Amino acid sequence: SAVSRKAPEEELQRAVDEARAAGLEEAELSEAIHAIEELQREAVRGRLRAALASLSLPALQRAVDDAKTAGLEAAELAEAIRVMEALQKEAAARETLAKAVASREVDALRQAIDAAK
């Protein structure tokens, strides 16, 4: 049977929790806490890269939200936000075009086509 392995940050967090329960001071735990935060940021960076590669709007939205929560720098988010905005614009243009096609109104169709360009 496969052994369940926890992520390194989960193992570190468990160790920190146990150390706190044993009475260690926060100052003694600061290095471990910093390591947990950095491991979490690395995991978020990986999810951000995967979301960018997938070009999935929902995945990008989740990854960007997670990255903001994890405290990633704006520069690390710039490309993902740019791609996400482009995908949102594309989705809106598709929706406008679909509505225009369904309405059969020539002016609405022309506007939707122009907006999609």
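Since the model is a prediction, treat every value here as computed from it, not as a measurement.
Closest approach of Leu52 and Ala80 over heavy atoms only: CD2-CA, 3.8 Å. Here the closest non-hydrogen pair linking Ala27 and Ser30 is O-OG, 3.2 Å.
Taking Glu28 as the reference, nothing meets the side chain to side chain donor-acceptor pair (under 3.5 Å) condition, with sequence neighbours excluded. In this structure, the side chain to side chain donor-acceptor pair (under 3.5 Å) partners of Glu26, at least two apart in sequence or on a different chain, are Arg20.
The side chain to side chain donor-acceptor pair (under 3.5 Å) pairs that include a residue from residues 36-46 are Glu38-Arg41, Glu38-Arg45, Glu42-Arg45, Arg45-Glu76, where partners are two or more places apart or lie in different chains. For residues 78-91, the side chain to side chain donor-acceptor pair (under 3.5 Å) pairs, not counting sequence neighbours, are Glu90-Arg94.
Under a hydrophobic-cluster definition in which Ile, Leu, Val, Met, Phe, Trp and Tyr are linked whenever side-chain heavy atoms come within less than 4.5 Å, directly or via other members, Leu48 and Leu87 are assigned to the same cluster.
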In a table with atom names and distances, give each donor-acceptor pair under 3.5 Å that connects a side chain of residues 95-102 to protein atoms at least two apart or in another chain.
unit_1: Glu95; atom_1: OE2; unit_2: Lys99; atom_2: NZ; d: 3.2
unit_1: Thr96; atom_1: OG1; unit_2: Ala92; atom_2: O; d: 3.0

Which atom pairs, donor and acceptor, lie under 3.5 Å between side-chain atoms of residues 53-68 and protein residues at least two apart or in another chain?
unit_1: Ser54; atom_1: OG; unit_2: Ala51; atom_2: O; d: 2.8
unit_1: Ser54; atom_1: OG; unit_2: Ser56; atom_2: N; d: 3.1
unit_1: Ser56; atom_1: OG; unit_2: Ala59; atom_2: N; d: 3.3

